[in-house]
2 protein chains.
Amino acid sequence: MPKYKQFDKDKVLEAASNVFHEKGYNGTSIDEILTATGLSRSSLYDSFKDKHNLYLQSLEFYKESNDKKFQSVDEKNLNGFQKLETMFKGVVNHLVENPDDNGCLLVNAAAEMSKQCFKTSQVICNNKDEVQNLFSSWISDAEQKKVLKLNKPAKIYGQFLYNTLCGLRVMSQSGAGKTELNNVVKVALDSLN
Amino acid sequence: MPKYKQFDKDKVLEAASNVFHEKGYNGTSIDEILTATGLSRSSLYDSFKDKHNLYLQSLEFYKESNDKKFQSVDEKNLNGFQKLETMFKGVVNHLVENPDDNGCLLVNAAAEMSKQCFKTSQVICNNKDEVQNLFSSWISDAEQKKVLKLNKPAKIYGQFLYNTLCGLRVMSQSGAGKTELNNVVKVALDSLN
DNA sequence: AAAACATCGGAATGAATATTCCAAATTATT
DNA sequence: AATAATTTGGAATATTCATTCCGATGTTTT
């Protein structure tokens, strides 16, 4: 066949991250990844070294495509509080409309792998810090625009809201329905006033 | 050896749940469970049927020992809000003092297994409902005793606080430290006023 | 067109896995 | 003491798994 790579690396990582998302690291076999990606065994090992390395790259891919969603909210012409509302509404909608979606790959990775793989924990920790900082900046913006009047530093609310977000992902995997998730978001956002 | 069972079933389930807690379902082998419990292969299969069944029993055991911690807080002579404070302080303390503790077995089970095993999801969902109800009753108590003045039904705050609790478990597995976790609890509890 | 090169399919390997099975060991009952 | 009952240790089995390897296939370059 080809002299240069025939497959789209991003497509492969997307397919792989879907499988890992569904079944976890220890729960997915290489064979499942091969059928999901359409790759041959040799190509996979040639291009991705081994299962563990593919997992890490899948995590990074998932994180980046997650970042893009946050960025698209960030680019809207809204104040920080409205961005928070938009983002949480989007998360809840996604969880409700995709009941078979297995939560969040990064949360699942934190639960399954963080204590067993340092590199996994690094990806997760970086994600946490980035998202918290983004939330904090939104909150600062809302404060500056006098939409919110806070009695704690914005950073602390960023931590709190990230915690709320993680909770939502777990709750959706624990049988929580739409109204339950909406209630949580409502209380969390109301607490900013 | 004996004519009647020689091992303490609770001790076995405790040891097994520790291993599952550390490595997850798919990440632990029967051999690891045998060495952790000290049981022989035959005894284990004789008494617990198979790995999956042992996992479910370990989940139940973990859930019940968790329940006991909640009950011991509930039995204190405190108003509902103080019970919440005590409970969250206890959770954060435990997470901080046991940094190698792999979060919460039930949260990890939700992430790893809830979409692949109905019985697991049942245990998790039951736990969610029970804990939410307990929290709601504490909040109602605080309202009745005029410690809190709420503008939403107590049930909604129960959902919110359970969400906060799940978040803490994930955050601690994502590299969050003591002050970060305390900040989250502070904002969550302050939001009740 | 021929040589060089990268990818691919699939068989092969070897280790790890969950589970079964049987004989030995031990205690309770008669 | 002997029999019945039950657990246990460890060997045996049969799958599944991640990974390696090689010959075949196709593409680019000369």
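In what follows, chains are A, B, ... by sequence order, proteins preceding strands, each numbered from 1.
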Given [options], which nucleotide is nearest the side-chain atoms of [X]?
{"X": "B/I30", "options": "D/dT19, C/dA18, D/dT8", "result": "C/dA18"}
{"X": "A/S43", "options": "C/dT7, C/dT19, D/dT8", "result": "C/dT7"}
{"X": "B/F7", "options": "D/dT8, C/dA11, C/dT20", "result": "D/dT8"}
{"X": "A/Y45", "options": "D/dT7, C/dT19, D/dA18", "result": "D/dA18"}

In whole angstroms, how far is the [atom2] atom of [N] from the [atom1] atom of [X]?
{"X": "B/H52", "N": "C/dT19", "atom1": "NE2", "atom2": "C1'", "value": "16 Å"}
{"X": "A/R41", "N": "C/dA12", "atom1": "CZ", "atom2": "P", "value": "13 Å"}
{"X": "A/L44", "N": "D/dC21", "atom1": "CG", "atom2": "P", "value": "16 Å"}
{"X": "B/F48", "N": "D/dT7", "atom1": "CZ", "atom2": "P", "value": "12 Å"}
{"X": "A/E32", "N": "D/dT16", "atom1": "CD", "atom2": "P", "value": "12 Å"}
{"X": "A/F20", "N": "D/dA18", "atom1": "CZ", "atom2": "P", "value": "9 Å"}
{"X": "A/L39", "N": "C/dT7", "atom1": "CG", "atom2": "C1'", "value": "10 Å"}
{"X": "A/K51", "N": "D/dT19", "atom1": "NZ", "atom2": "P", "value": "8 Å"}

(Q) Pick the closest DNA chain D nucleotide for A/S29 and for A/S42 by heavy atoms, then say which residue is nearer the 5' end. (A) A/S29
Q: Verify whether the ring centers belonging to B/F135 and B/Y162 lie closer than 6.0 Å.
A: no
**Q.** A/K51 NZ/CZ over A/Y25 ring centroid, <6.0 Å and within 45° of normal
**A.** yes
Q.
Strictly distance-based, threshold 3.5 Å: is any side-chain N or O of A/Q173 a donor or acceptor partner for the main-chain N or O of A/N102?
A. yes
Q | Side-chain H-bond candidate by donor/acceptor type, B/E112 with B/N26, under 3.5 Å | A | yes
